[in-house]
Number of protein chains: 4
Amino acid sequence: MSKEDSPEPPRKAGRPRSEKARAAALAAAYAILKEKGFARVTVEAVASRAGIGKPTIYRHWANARELAMAALMAHGAIQPGKAAQDTADDDPIIALEDQLVAMTARFATPAGRQVALMVAAADSSSELTKSFRNQVIGQSRETARALLTRAVETGRLRADFDMEIALDLLHGPIFYRLLVGHLPLDEGFCRKLISACLRGLEFG
Amino acid sequence: MSKEDSPEPPRKAGRPRSEKARAAALAAAYAILKEKGFARVTVEAVASRAGIGKPTIYRHWANARELAMAALMAHGAIQPGKAAQDTADDDPIIALEDQLVAMTARFATPAGRQVALMVAAADSSSELTKSFRNQVIGQSRETARALLTRAVETGRLRADFDMEIALDLLHGPIFYRLLVGHLPLDEGFCRKLISACLRGLEFG
Amino acid sequence: MSKEDSPEPPRKAGRPRSEKARAAALAAAYAILKEKGFARVTVEAVASRAGIGKPTIYRHWANARELAMAALMAHGAIQPGKAAQDTADDDPIIALEDQLVAMTARFATPAGRQVALMVAAADSSSELTKSFRNQVIGQSRETARALLTRAVETGRLRADFDMEIALDLLHGPIFYRLLVGHLPLDEGFCRKLISACLRGLEFG
Amino acid sequence: MSKEDSPEPPRKAGRPRSEKARAAALAAAYAILKEKGFARVTVEAVASRAGIGKPTIYRHWANARELAMAALMAHGAIQPGKAAQDTADDDPIIALEDQLVAMTARFATPAGRQVALMVAAADSSSELTKSFRNQVIGQSRETARALLTRAVETGRLRADFDMEIALDLLHGPIFYRLLVGHLPLDEGFCRKLISACLRGLEFG
DNA sequence: GTCTAACCGAGACGGTACGTCGTGTCTTATT
DNA sequence: AATAAGACACGACGTACCGTCTCGGTTAGAC
């Protein structure tokens, strides 16, 4: 509510209140996203709710989709948290399975599906899109990568596979079912999927 | 697949729907789709171009997206054709690889990505959506299913795997890269993917 | 009231029009008129409510306005009734005043204003319009005409005035205020109006 | 009549409304009114012809009828001009007669009838409607009021009548015939009407 | 007793217009 | 110099009725 951030007097001529406006926009966008869904995150609605001007929004983001992505990122709404760590096991394979099941559970909701759809529908050339995509799918990939690496190191898996392919093999079918919707996406599928993948990654 | 109307001739009252109007709408929608892209397939533009009324379009389709899907289906723009058959080989594994590579090539274009996105973004509860999804992904799955079955029968693959999981394993990563775009989708990826899958499906 | 022009037997072939359908249309139109107002008396709404087809309505009336007028006439909703007779007095002038006050009270309501507006807005060349107009304004004019005649005969008024002008003088200002709405239309106005008509503006 | 904004400068935020857009809308509406008639003055047609957006029109006027009224007012198409003054006579009664005959002639046309109908059909609670009504009927009433006052002052008329009633007595029958259409509205009627107003119906 | 013409309900047709929403740009007054 | 406020041109939305036109199915008078 106070105007000056005390540790950093803006020092510019004029009044660069833009950080406040930016935060208000992100908060409003996030609130609308939660309450009304992605489709209702319009520039007009956000500007009105945040009490800021539309041009101010356009100065920060190219359009409403980018604003929605930024809002999700700013609120850390995508990051899995560290729940995966809690189930950490000596066996990296079991940990991997738990981690993928948890990720699937997070995405297999209307909101999760929307987030995946936002990634799919976004303009790939935008930096913000890349960043958003990285937040949405990167965390799980990195966790899985670490676990696979450990599994290789401990001799649980053989070493002659392409890591990126392996990650796509584990994640691809989940997002495929999530987005295409031809068959249900549940824990049973998830476990059978991992099992099938591993038969290819394990020693014969 | 089949449309049984034999047991139930619907006995509709009133003037029947004009097949001419329907065809004009589909043709106009398809033309706009090709010329201007999916986003320009609006009900207004289609009605204007087809010389029909907007309400007539709404009588046939719920919204512009469904109309666009119907237009693509009506023009057989999605079906792979039977080119895959030409490359049929005695070896079902090689045929499978060829078929997936061909499918990937078809989708790894702006238009192909757009079609996949339409499937992902569509309302899953609509019959038309299901039909569209079936056209988009069904053909490849059926072909792959037949080839996998043959491979099992000829002893090239073991028989104890879940067929749907196997199909998801083959197709999922392709659509994952197509829609998420985190890594390139090319023939090399495709072949390495199949190889990785098969190591899990083959006899140890 | 009767349909048959006696000198011209219509000699019609084919199925005659259904009196039932006609009555259903009028009843539905009247019901909508009462419930939702004149503007909602659309051909579609009437057809739907009456359970008849739109073309059937168009066979009977040229458009929704004529149908609405016909509905009002069929239900006798316009005719003043004979209340005026109850107050009949020996003095035709007093009776005239009572009658005009009563008529004003009937029209000075939203519904009455609507009826007057329908007359004003109707296509004057239509027979139905003339008939409707006659029902709306004719009764009062005829009553007033009789009372004025009696007043002349009994020596209460002089005889050298134009009867139609006199009737317009008595009714015109009422409908003027009713339709134009520049000043309130109440009983006080009505009585002062009659008094002014009788006295004139000049010195006696 | 006067619009006081001096005590309250409205202190509006945001971009002010474009006078250019407003003028373009009024000009287009007026042109359509003249060329095609009142019924064709639709918001869509005006927006298209004026090269402005529909929402802009809705920002300025509540609907097409108000826009049409505003267009007529803006172009002074209703005001009688001061032609009546030219015929000004020493005798206010003759001047009054001339003025009413002139007004009748202006209204006894399809366009004039349409204007009167617009007044009758308009939403009385709207400010614009009141203003329009004032333009349509106010001028004639004011002129007549002045002439009657002069006639009283010069002893031509007695002074004990209600002025508003007198004005309604003179104008009401004209608008009554104009809108109801039961009898012709011509100069003869007009002159006889005035005569009857002045003399009254009773014996002197 | 058919024939058959005009009716009936239902409802789709091409249209026109509605009033709303959202886009991305712009203009103005304020700070 | 950036802001909030909000108007702007544009385009599309989905709906309501219009008045017309099939449909398949009565219905009653004419043959």
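Here is the naming used below: chain letters follow the sequence lines, and residue numbers restart at 1 for every chain. Computed from a predicted structure; not experimentally measured.
Legend: residues meeting salt bridge (charged side-chain N to carboxylate O under 4.0 Å, His left out) with B:Arg22, ordered by chain and number and at least two apart, are B:Glu19. Contacts of D:Thr42 classified as side chain to side chain donor-acceptor pair (under 3.5 Å), with partners at least two apart in sequence or in another chain: none. Qualifying side chain to side chain contact (heavy atoms under 4.5 Å, CB included) partners for C:Ala64, counting only residues two or more places apart in sequence or in other chains: C:Val43. Checked against salt bridge (charged side-chain N to carboxylate O under 4.0 Å, His left out), C:Arg65 has no partners two or more places apart in sequence or in another chain. With sequence neighbours excluded, no residue satisfies salt bridge (charged side-chain N to carboxylate O under 4.0 Å, His left out) with A:Lys36.
Look at CG on A:Leu67: it is 14 Å from C1' on E:dT23, rounded to the nearest Å. Between the CZ atom of B:Arg15 and the P atom of F:dT22 there is a distance of 6 Å, given to the nearest Å. Rounded to a whole Å, the CD1 atom of B:Ile32 is 14 Å from the P atom of F:dG11. Atom pair D:Glu19:CD and F:dA7:P shows a separation of 15 Å (rounding to whole Å applied). One interatomic measurement links the two molecules: CZ of D:Arg17 to C1' of F:dA5, which rounds to 13 Å at whole-angstrom precision.
Nearest heavy atoms, A:Ala122 versus A:Thr129: CB-CG2, 3.4 Å.
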For a quick test of your reading: what N or O donor-acceptor pairs under 3.5 Å do the side chains of residues 47-55 of chain C make, sequence neighbours left out?
{"residue": "C:Arg49", "atom": "NH1", "partner": "C:Glu35", "partner atom": "OE1", "Å": "3.1"}
{"residue": "C:Arg49", "atom": "NH2", "partner": "C:Glu35", "partner atom": "OE2", "Å": "2.8"}
{"residue": "C:Lys54", "atom": "NZ", "partner": "C:Glu44", "partner atom": "OE2", "Å": "3.0"}

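For DNA chain F, the residues of residues 50-65 of chain C within the heavy-atom distance limit of 4.0 Å (strictly under) are C:Lys54, C:Pro55, C:Tyr58, C:Ala64, C:Arg65, sorted by number. Within residues 38-49 of chain B, the residues approached by DNA chain F to less than 4.0 Å at the level of any non-hydrogen atom are B:Thr42, B:Val43, B:Glu44, in residue-number order.
Identified under the side-chain hydrogen bond (donor to acceptor under 3.5 Å, both in side chains) test for residues 113-122 of chain B, with sequence neighbours left out: none.
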